[in-house]
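So the structure is just underneath, and the comments pick up after that.
If you're wondering where the values come from, they're calculated on a predicted model, not measured in any experiment.
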Amino acid sequence: MKTENKLMIRALKGEKTERTPVWLMRQAGRFLPEYRKTRASADGFLDLCYSPDLAVEVTLQPIRRFGFDASIVFSDILVIPHALGQKVWFEEGVGPKLEPLQSIADLENLNFDKLHSHLSPVYETIGRLREDLPKETTLIGFAGAPWTVVSYMIEGGSSKDYARAKTWAYSKPEEFDRIIDLVAEATTRYLIRQIESGAETVQIFDSWAGVWPEFALKRWCLEPCKKIIAGIKAVHPEVPVILFPRGVGDSYPLFAKESGADALGLDTTLSPVWARDNIQSHVTVQGNLDPLLLVAGGSMLDQSIDSILATFSDGPFIFNLGHGILPQTPIGHVEQMLKRIRG
Ligand SMILES: Cc1c2[nH]c(c1CCC(=O)O)Cc1[nH]c(c(CCC(=O)O)c1C)Cc1[nH]c(c(CCC(=O)O)c1C)Cc1[nH]c(c(C)c1CCC(=O)O)C2
């Protein structure tokens with residue numbers, strides 16, 4: 001099937017579709033037993049990301065089981081700092097670890113020289129997926145937004161309050177601009193190459209955008225994402241871009257009007273009616289079922305799905321969660337959800 005005729009792409013381009021397309025953030029990995037099996041056969045998480053055979057397999061697993069309308073390539077947002085030359089590793093049961101940037105001098109050690117050669121396994125995975133996916137399934141490429149990636153680069157891993165990164169930004173804003181710019185440039189090149197390898201749309205995850213006051217949100221989240229999207233559109237104007245500025249609350253309409261994204265991912269706490277009136281009137285919306293409702297199941301899951309569908313179905317809409325699917329999600333609840341959406 002031609003890309004422009006796929007359900008997900010039509011929704012991204014602003015069409016109200018006859019059926020609601022559905023996929024789940026973080027659907028590859030995490031909650032599937034077959035993922036854990038493949039994961040155990042790799043030398044580590046990054047090895048899995050950089051082994052096209054295994055990454056293709058893990059990407060296809062949720063499609064085989066559930067037939068989602070879209071497939072997101074298996075990788076991680078932290079391959080960008082890794083490709084730029086920063087030390088990145090994943091600790092079992094802990095999560096990602098990086099050798100943190102200590103001063104602007106550390107930026108000298110990071111460069112674009114090996115960007116594409118380092119990331120070539122991801123490009124190969126994408127190319128193979130276009131061959132292997134069902135003909136109607138849309139292939140999504142992705143990257144982290146500069147701020148979300150830089151937060152890991154400075155904090156050295158996950159963080160509760162982003163104190164080091166935010167203090168750096170507020171006390172040396174020009175230095176912080178340089179770090180964000182470096183990552184934005186690398187991300188633009190990475191996403192363009194993903195598209196040229198076969199990705200039919202790309203999603204930018206700004207998972208930690210919700211921690212900033214407004215002026216900083218504009219400078220370090222909105223502006224760099226806008227620049228990345230403009231960079232992509234300059235080369236591939238027909239490719240829709242999804243932005244997920246999680247947690248930005250009443251700044252969502254600003255992202256809808258100014259980022260240049262074709263669609264926004266809505267987080268769990270946004271009111272659907274408010275989002276319909278203030279966001280869906282400008283761009284396609286994607287979301288926003290609470291991942292814990294999918295863990296709990298039962299009648300509250302059904303009611304929440306019905307209410308989301310009823311609110312958004314008059315405009316361009318893609319059903320998804322308000323954040324990534326949780327590892328403890330029962331597979332039966334995903335089946336229940338799909339039955340409810342598809343009727
Ligand atoms: C912040 C962030 C990261 N990675 C990602 C984000 C943004 C989205 C979000 O907010 O959820 C994005 C991501 N990470 C992964 C994907 C793959 C495709 C998909 O299924 O969506 C995607 C899109 C695989 C992964 N990335 C990771 C795993 C688990 C690794 C394992 O198998 O041990 C997977 C399947 C590891 C990872 N990677 C990261 C963390 C914090 C962790 C540890 C905790 C966790 O599991 O999420 C960084």
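Taking the six-membered ring where the residue is Trp, Phe319 and Phe317 present perpendicular rings, their angle passing 60° and hence far from 30°.
For Lys226, there are no side-chain hydrogen bond (donor to acceptor under 3.5 Å, both in side chains) partners two or more places apart in sequence or in a different chain. Partners of Ser151 according to the side-chain contact (heavy atoms from CB on, under 4.5 Å) rule, which considers only residues two or more places apart in sequence or in another chain, are Trp147, Tyr162, Trp208. Applying the side-chain contact (heavy atoms from CB on, under 4.5 Å) criterion to Lys37, with sequence neighbours excluded, gives no partner residue. Remark: His116 engages Tyr123 in a ring pair (Phe, Tyr, Trp, His ring centres under 6.0 Å) (not counting sequence neighbours). In this view, Asp106 satisfies the salt bridge (Lys or Arg N to Asp or Glu O under 4.0 Å) rule with no residue, not counting sequence neighbours.
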(request) Any chance you could lay out the ring pair (Phe, Tyr, Trp, His ring centres under 6.0 Å) test for Tyr50 and His82, step after step, and finish with the verdict? (result) CA-CA 12 Å; Tyr50 298 135; His82 200 219; 5.7 Å; yes
(request) Given side chain to side chain contact (heavy atoms under 4.5 Å, CB included), test Ser313 with Thr20 step by step and report yes or no. (result) CA-CA 8 Å; Ser313 289; Thr20 302; 4.2 Å; yes
(request) Let me see the working for Ile242 and Ile204 under side chain to side chain contact (heavy atoms under 4.5 Å, CB included), right down to the final yes or no. (result) CA-CA 6 Å; Ile242 311 165; Ile204 303 170; over 6 Å; no
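Side-chain atoms of Thr148 never come within 3.5 Å of backbone atoms of Ala145 as a donor-acceptor pair (strictly under, hydrogens ignored). At distances below 3.5 Å, not a single donor-acceptor pair connects side-chain atoms of Ser307 with backbone N or O atoms of Gln303. With Ser51 contributing its side chain and Asp53 its backbone, the two residues share no donor-acceptor pair below 3.5 Å. Asp69 places a side-chain N or O within 3.5 Å of a backbone atom of Val22 that can act as its donor or acceptor partner. With hydrogens and angles ignored, the 3.5 Å screen pairs a side-chain donor or acceptor of Thr187 with a backbone N or O of Val183. A donor-acceptor pair under 3.5 Å is absent between the side-chain atoms of Lys227 and the main chain of Asp181, judged by distance alone. Not one N or O on the side chain of Asp262 forms a donor-acceptor pair closer than 3.5 Å with the backbone of Thr284.
Between Ile331 and Pro33, the closest heavy-atom pair is CD1-CD, 3.6 Å. Across every non-hydrogen atom of Ile279 and Ala256, the tightest pair is CG2-CB, 4.1 Å. The two residues Pro316 and Ala11 have their closest heavy-atom pair at CB-O, 3.6 Å.
Counting only residues at least two apart or on different chains, the salt bridge (charged side-chain N to carboxylate O under 4.0 Å, His left out) pairs with a member in residues 304-319 are Asp306-Arg340. Sorted by first and then second residue, the salt bridge (charged side-chain N to carboxylate O under 4.0 Å, His left out) pairs with a member in residues 187-205 read Lys6-Glu200, Arg130-Glu200, Glu185-Arg189; sequence neighbours excluded. Residues in residues 137-155 take part in no salt bridge (charged side-chain N to carboxylate O under 4.0 Å, His left out) pair, two or more places apart or across chains. Residue pairs satisfying the ring-ring contact (aromatic ring centres under 6.0 Å, His included) criterion with at least one member in residues 249-281, sequence neighbours excluded, are absent.
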Side-chain polar contacts of residues 211-219 - donor-acceptor pairs under 3.5 angstrom, sequence neighbours left out - could you list them?
unit_1, atom_1, unit_2, atom_2, d
Arg219, NE, Asp177, OD1, 3.1
Arg219, NH2, Asp177, OD2, 2.7

Side chains of residues 90-102: which donor-acceptor pairs under 3.5 Å do they make with residues two or more places apart or in other chains?
unit_1, atom_1, unit_2, atom_2, d
Glu91, OE2, Trp89, NE1, 3.0

Only distances under 3.5 Å count here; give the side-chain donor-acceptor pairs of residues 287-300 to other protein atoms, sequence neighbours excluded, each with its distance to 0.1 Å.
unit_1, atom_1, unit_2, atom_2, d
Asn288, ND2, Asp267, O, 3.0
Asn288, ND2, Leu270, O, 3.1
Asp290, OD1, Leu292, N, 3.0

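One finds the CZ atom of Arg276 at 13.0 Å from the CG atom of Leu266 (value rounded to the nearest 0.5 Å). Here Phe244 contributes atom CZ and Ser207 contributes atom OG; the two are 6.0 Å apart, rounded to the nearest 0.5 Å. Here Leu107 contributes atom CG and Gln86 contributes atom CD; the two are 9.5 Å apart, rounded to the nearest 0.5 Å. Here the straight-line distance linking atom CG of Leu24 with atom CG of Leu338 works out to 7.0 Å at 0.5 Å rounding. For the atom pair CD1 of Ile140 and CH2 of Trp23, the computed distance is 4.0 Å after rounding to the nearest 0.5 Å. Atom CZ in Arg246 sits 7.5 Å away from atom OG1 in Thr268 (nearest 0.5 Å).
With 3.5 Å as the limit, one finds no donor-acceptor pair spanning the side chains of Asn5 and Glu136. If you check the side chains of Thr38 and Gln61, you find a donor sitting under 3.5 Å from an acceptor.
A salt bridge links Glu124 to Arg128: at least one charged side-chain nitrogen sits closer than 4.0 Å to a carboxylate oxygen. A salt bridge is defined here as a Lys NZ or Arg NE, NH1 or NH2 lying under 4.0 Å from an Asp or Glu carboxylate O, and Glu4 with Lys13 fails to meet this definition.
Test Thr201, Asp132, Ile72, Ile126 against Leu139 for side chain to side chain contact (heavy atoms under 4.5 Å, CB included) and you get one pass: Ile126.
Separation of the Tyr35 and Phe74 ring centroids falls under the 6.0 Å cut-off.
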